[in-house]
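Presented below is the structure to which this report refers.
Positions are given from 1 along the sequence. These numbers were taken from a predicted model, which means no experiment stands behind them.
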Amino acid sequence: MKTNGTSQKILELAAGFLTGWEKENLSLDNCLDDLRKNGSPIEKSAVSSLLFEYFRHKGFIDGLISKHAKKDHIRQDMRLLLCCAATQIFFQTGIASQSAVNVAVDYAKTLRGPAGGGFINAMLRAMIRDTSFDHHAIPKSFPDSLKKRWEASFGKEETSRLTDLFASNPPLSFRARRNFTEQELHELDASVITDLDFVGNFQFYEARNPHVLFEKNYLEKAEIYIQDPATSLPFSLLDKPVSGRILDACAAPGGKTILLNDLFNGSSLLKITAADRSALRLQQLNVNLRRAGIRARSVQADARQMPFSQETFDWILADVPCSNTGVIRRRPDAPWRFSEKRLREIVQLQAQILDSLSLLLRKDGTLVYSTCSIEKEEDSCQVQDFLKRHPDFVLIQERLLLPHPQFDGAYGAILRKTGQ
């Protein structure tokens, strides 16, 4: 049982992260990165769980709060506190409903005095007494705008499957960087993920006993890398070996850089430069590359303004920022951040990155374009628009993966610079 102080701290952190999400455009990833750096193990686990459950049921929780609020406007700190406490009450079993109410009321008093505590108490108890829905079978919550968009692109049946996945926990999957014995796999309760036609010779596993991964320090010893099988998609499309000067233009936290290195067994023919515009994320990239035993030059740079001369590289990976609609199980805030306006902004950013990187590629060089989005504007349409602007490039191959119970969604395309 958590102490009341710890429980209040969990509410404070979760509500604080939601404030940043709403006011400062921070992503859930930003929140979790900060938590990993500064939070205790208990806080990390509890806050992460609370935030994931909130975003998976955001529509329901927000609607329930609006229904029981007597005023049209609720102070942001009180509203977000209600969001966190309601998530605990309806979707988490680690804290009893009465305890969740009491902790929320006590915390509200520190924010807004007795009046704040009374408001939170009345709201939460009204929500618990609400009989207009089945408390044991609360309906799925997903943004209507994105759902309609997917129905137009993929059909209603496929969209229903995708939204069902959104409400599920993704498996912890990892890529083995050495051969594991049957005994080791048994201890991990891990099984190889089979029937994947986009991973080449890589071996991905699903771990049902993930704490053993960390107890045995497999990650620190660089014997595994925790990543989804879909990350290997763009490499499965390659039509020839990679060599020469390589640029991973949006590299942090380094998963695809390590994949590329391992694909060619750390060949001395690869001279890798890994770049990212975030100093904080670049620090983690350097940690991951050192841990994996990979020699690469790391550079802090925006992919739109790289500090390199034209035609410097033989091969460039552009794993660009995107709407993340292919990874909504792992980033459940992504559907709620999605809008047509935001999509247009992201598409423009991706186009700027591609235009900039195209100048850095030598003749006959390869540009690999990759996203974790399933939106055509970011994927096939982006590539076609790029080809219209750059007739000296040709499309070699492209592929879209839709999310699946065993892997995320992703898109990859191989582009070759002909120089014509």
Side-chain angles (χ1 to χ4, degrees), residues 231-252 254-257 259-261 263-264 269-278 281-282 285 296-323 343-373 375-400 410-420:
T231 57
S232 63
L233 171 66
F235 303 104
S236 72
L237 305 176
L238 293 173
D239 61 330
K240 62 180 183 179
V242 178
S243 62
R245 300 190 67 179
I246 312 300
L247 172 64
D248 187 347
C250 307
K256 285 189 171 65
T257 310
L259 265 169
L260 175 64
N261 175 85
L263 179 63
F264 295 99
L269 297 178
L270 301 182
K271 295 178 176 59
I272 301 175
T273 298
D276 202 89
R277 68 177 182 175
S278 167
R281 286 171 58 82
L282 198 66
L285 177 141
R297 175 190 180 193
S298 64
V299 177
Q300 183 181 355
D302 190 312
R304 294 168 293 182
Q305 297 175 321
M306 286 291 183
F308 307 113
S309 301
Q310 292 188 14
E311 299 186 359
T312 295
F313 296 99
D314 302 287
W315 196 94
I316 297 176
L317 171 62
D319 186 33
V320 298
C322 68
S323 63
L343 178 63
R344 289 192 295 271
E345 293 171 348
I346 292 173
V347 167
Q348 183 180 27
L349 171 62
Q350 293 167 345
Q352 291 170 349
I353 290 173
L354 285 173
D355 288 345
S356 175
L357 295 179
S358 69
L359 300 175
L360 304 182
L361 196 65
R362 294 172 177 166
K363 182 181 177 181
D364 295 325
T366 299
L367 175 60
V368 179
Y369 179 70
S370 173
T371 78
C372 54
S373 166
E375 310 309 313
K376 61 183 180 181
E377 291 89 341
E378 300 178 81
D379 298 337
S380 58
C381 291
Q382 181 71 269
V383 168
Q384 290 304 315
D385 287 343
F386 172 80
L387 293 173
K388 291 176 184 177
R389 298 193 305 273
H390 298 273
D392 55 334
F393 278 79
V394 295
L395 174 65
I396 303 300
Q397 195 171 177
E398 66 179 334
R399 183 173 177 182
L400 172 68
Y411 172 83
I414 307 297
L415 301 161
R416 178 103 354 99
K417 189 173 187 177
T418 64
Q420 298 177 353

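Closest approach of Lys256 and Thr231 over heavy atoms only: CE-O, 3.4 Å. Contact record, Leu237 with Ala413: CD1-N, 4.0 Å, taken as the closest heavy-atom pair. Nearest heavy-atom pair, Gln382 versus Leu354, reported as atom, atom and distance to 0.1 Å: CG-CD1, 3.9 Å. Looking at every heavy atom in both residues, Leu357 comes nearest to Ala318 through CD1-CB, 3.7 Å. Smallest separation of non-hydrogen atoms from Pro234 and Val368: CB-CG1, 3.6 Å. Contact between Val299 and Pro307 at its shortest, heavy atoms only, is CG1-CG, 4.2 Å.
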**Study point:** Derivation of the side-chain contact (heavy atoms from CB on, under 4.5 Å) call for Leu387 and Val394
**Key:** CA-CA 7 Å; Leu387 293 173; Val394 295; 5.6 Å; no

Practice item. Tell me, with the steps shown, if Val242 and Leu263 meet side-chain contact (heavy atoms from CB on, under 4.5 Å). Key: CA-CA 9 Å; Val242 178; Leu263 179 63; 5.6 Å; no

**Study point:** Derivation and outcome, side-chain contact (heavy atoms from CB on, under 4.5 Å), residues Ile272 and Thr257
**Key:** CA-CA 8 Å; Ile272 301 175; Thr257 310; 3.9 Å; yes

Point to revise | Verdict with reasoning, Phe386 to Leu367, per side-chain contact (heavy atoms from CB on, under 4.5 Å) | key: CA-CA 12 Å; Phe386 172 80; Leu367 175 60; 4.1 Å; yes

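Under the side-chain hydrogen bond (donor to acceptor under 3.5 Å, both in side chains) criterion, Asp355 pairs with Arg389, His390, not counting sequence neighbours. Residues satisfying the side chain to side chain contact (heavy atoms under 4.5 Å, CB included) test with Leu349, not counting sequence neighbours, are Arg304, Pro321, Gln352, Ile353.
The OG atom of Ser370 lies 7.5 Å from the CZ atom of Phe235; values are rounded to the nearest 0.5 Å. Of the inter-residue distances, the one linking Leu247 atom CG with Thr312 atom OG1 reads 9.0 Å to the nearest 0.5 angstrom. Leu359 contributes atom CG, which lies 5.0 Å from atom CD of Gln310 (distance to the nearest 0.5 angstrom). Considering CD of Gln350 and SG of Cys250, their distance stands at 10.0 Å, rounded to 0.5 Å. To the nearest 0.5 angstrom, Leu317 atom CG is 11.5 Å from Thr366 atom OG1. Taking SG from Cys372 and CD from Glu378, the interatomic distance works out to 8.5 Å, rounded to the nearest 0.5 Å.
Only one option out of Val383, Thr418, Leu361 pairs with Phe393 in a side chain to side chain contact (heavy atoms under 4.5 Å, CB included); it is Leu361.
The closest side-chain heavy-atom distance from Arg416 to Asp239 is below 4.5 Å. Here the side chains of Lys417 and Lys363 are not in contact, with every heavy-atom distance at 4.5 Å or above. For the pair Trp315 and Leu238, the minimum side-chain heavy-atom distance is below 4.5 Å.
Proximity of a side-chain donor or acceptor of Arg362 to a complementary backbone N or O of Glu311 within less than 3.5 Å is detected.
Listed by first then second residue, pairs satisfying side-chain hydrogen bond (donor to acceptor under 3.5 Å, both in side chains) with a partner in residues 269-278 number zero, not counting sequence neighbours.
Note on ring orientation: taking the six-membered ring where Trp is involved, the planes of Tyr369 and Tyr411 are perpendicular (angle over 60°, cut-offs 30° and 60°).
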